[in-house]
Amino acid sequence: MQVTPKIKVVRRLRWADPTLSWGFVPTMGYLHAGHLSLVERARADNDRVAVSIYVNPTQFAPTEDLSTYPRNMERDLALLREVGVDLVFTPDNDVMYPPGFQTSVSVNDVSQPLEGASRPTHFAGVTVVVAKLFNIMQPTRAYFGQKDAQQVIVLQRMVRDLNFNLDLVVCPTGREPDGLAMSSRNVHLSPEQRSAATVLSRCLREAVVMLHAGERDGNALRALMRDTIVAEPLATIDYVSVADPETLQEVEQVTDRALLSLAVFFGRIRLIDNMLWLTPTN
Ligand code: PAF
């Protein structure tokens, strides 16, 4: 496994044999089983696999957890070595944002609601760094988790609009045995918050059960999720949403599909989760 912070080394390795396909998993490190499942999928689909580890400052607002975002490069590299990665790109801020950097990449409408409403500068940071990583790596396929549903929708739009020559592959959310979506931030939860946080997947599952039972009223579904979360004293709702999975606009009546999503604080830790509901075909 080659590990490098240098763009020119990435390019040399990537293009050493242009006939090989490359799968790419961008990460901010502190890897968990959810990341490793993306790597495994990339390994199954491609001749070579690259991972980037970079905590991107531009996607954090000044009030957010950049300085406390968990990091452990040694452990991350050991995990990646075990799963069989070929190349790990570990740039620092000077490589990604050299002095004089002033370019932005923004995807407009789908960046605005949900995460975008709570974190107005977040997606501009994600799109600029992912556009740079795609240009540096030039992968055949790039892998993202459904856990960050809006990030996936924003990046799919960016790939289409800017003609990136790659396939964006979306993989299911990795979950702990009790249903909590895997996240690098889970490590900051106290034992009480960790156990309270199961309310997220529970309320999403309850809403999915209601959809299967025929409930189509957006307000009723949002109220059901809110009521379940409010009953958990350690949880504070940021948003609860039942939206169209393409436009991310809230729906009054669910038709054939809906993205159920939420963001909830446990103390200072903000967790997100979602489930995509599609009308059963038979
Ligand atoms: O999902 C993440 O971990 C980050 O947003 C990403 C895609 C690595 C960009 O920094």
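Counting starts at 1 for both ligands and their atoms, in listed order.
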Quick one: list whatever passes side-chain contact (heavy atoms from CB on, under 4.5 Å) with Val187, sequence neighbours left out. Tyr30, Pro70
Mind checking what residues have non-hydrogen atoms under 4.0 angstrom from ligand 1? Pro26, Thr27, Met28, Asn56, Gln59, Val129, Val130, Phe144, Asp148, Gln151
Does a side-chain heavy-atom distance below 4.5 Å link Asp273 with Leu262? yes
Going by side-chain contact (heavy atoms from CB on, under 4.5 Å), name the residues that satisfy it together with Asn219, two or more places apart in sequence or in a different chain. Asp217, Arg222
Closest approach of Gly116 and Gln150, non-hydrogen atoms and distance? N-OE1, 3.9 Å
Option passing side chain to side chain contact (heavy atoms under 4.5 Å, CB included) with Met1 (candidates Leu87, Asp86, Leu77, Val49): Leu77
How would you list all residue pairs meeting ring pair (Phe, Tyr, Trp, His ring centres under 6.0 Å) that involve residues 154-195, not counting sequence neighbours? Phe134-Phe164
